[in-house]
Amino acid sequence: RTALGASRASLVRSFVGETIAVVVVGTAAGLVVALGASRALQAMVGTLAAIEPLTALFAASLLVVAVCTAAAWPAFKASGVDPLLALRVD
């Protein structure tokens with residue numbers, strides 16, 4: 001994309017945006033599965049407490065922030081590479 005004229009900010013935004021989309025979908029699916037498993041175990045055991053929505057929301061938010069932070073640094077570093085230099089090395 002850099003070779004076609006994309007700016008550094010555009011590259012970082014694109015990479016982090018794609019990462020956020022994958023994380024949000026995965027987190028939502030994980031919360032649905034966890035809620036279903038919690039309800040199934042609660043029905044079988046009876047004494048098991050259900051998942052608290054505030055706790056699940058906090059954990060999901062923490063996961064999204066951690067992944068976005070982890071994705072931003074490599075995206076920023078990769079966006080600074082000169083495309084001609086990268087092609088010559090490979």
Side-chain angles (χ1 to χ4, degrees):
R1 291 180 179 171
T2 303
L4 297 175
S7 68
R8 189 172 189 175
S10 172
L11 289 172
V12 172
R13 193 175 2 189
S14 173
F15 186 75
V16 173
E18 290 171 6
T19 302
I20 289 172
V22 171
V23 169
V24 167
V25 169
T27 302
L31 286 173
V32 168
V33 169
L35 185 61
S38 172
R39 300 231 188 246
L41 286 172
Q42 188 178 19
M44 285 190 262
V45 177
T47 59
L48 190 64
I51 295 176
E52 293 183 24
L54 187 59
T55 303
L57 182 65
F58 176 73
S61 301
L62 189 62
L63 176 69
V64 170
V65 168
V67 169
C68 289
T69 303
W73 180 252
F76 183 74
K77 293 294 278 186
S79 67
V81 174
D82 181 29
L84 292 177
L85 180 64
L87 289 174
R88 279 191 212 143
V89 172
D90 291 341

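From a predicted model like this one, the values you see are computed outputs, not experimental measurements. When a residue number appears, it is its place in the shown sequence, counting from 1.
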Exercise. To the nearest 0.5 angstrom, please state how far the CZ atom of R39 sits from the CG atom of L41.
Key: 12.0 Å
Quiz item: Does S38 reach the main-chain N or O of A34 with its side chain, forming a donor-acceptor pair under 3.5 Å?
Solution: no
Self-check item: same_hphob_cluster(V16, V24) at 4.5 Å side-chain heavy-atom cutoff
Solution: yes
Quiz item: Do C68 and I20 touch side chain to side chain, with heavy atoms closer than 4.5 Å?
Solution: yes
Quiz item: Rounded to the nearest 0.5 Å, how far apart are CG of L57 and OG1 of T27?
Solution: 11.0 Å
Exercise. Could I get the full list of side-chain contact (heavy atoms from CB on, under 4.5 Å) partners for A56, not counting sequence neighbours?
Key: L31, I51
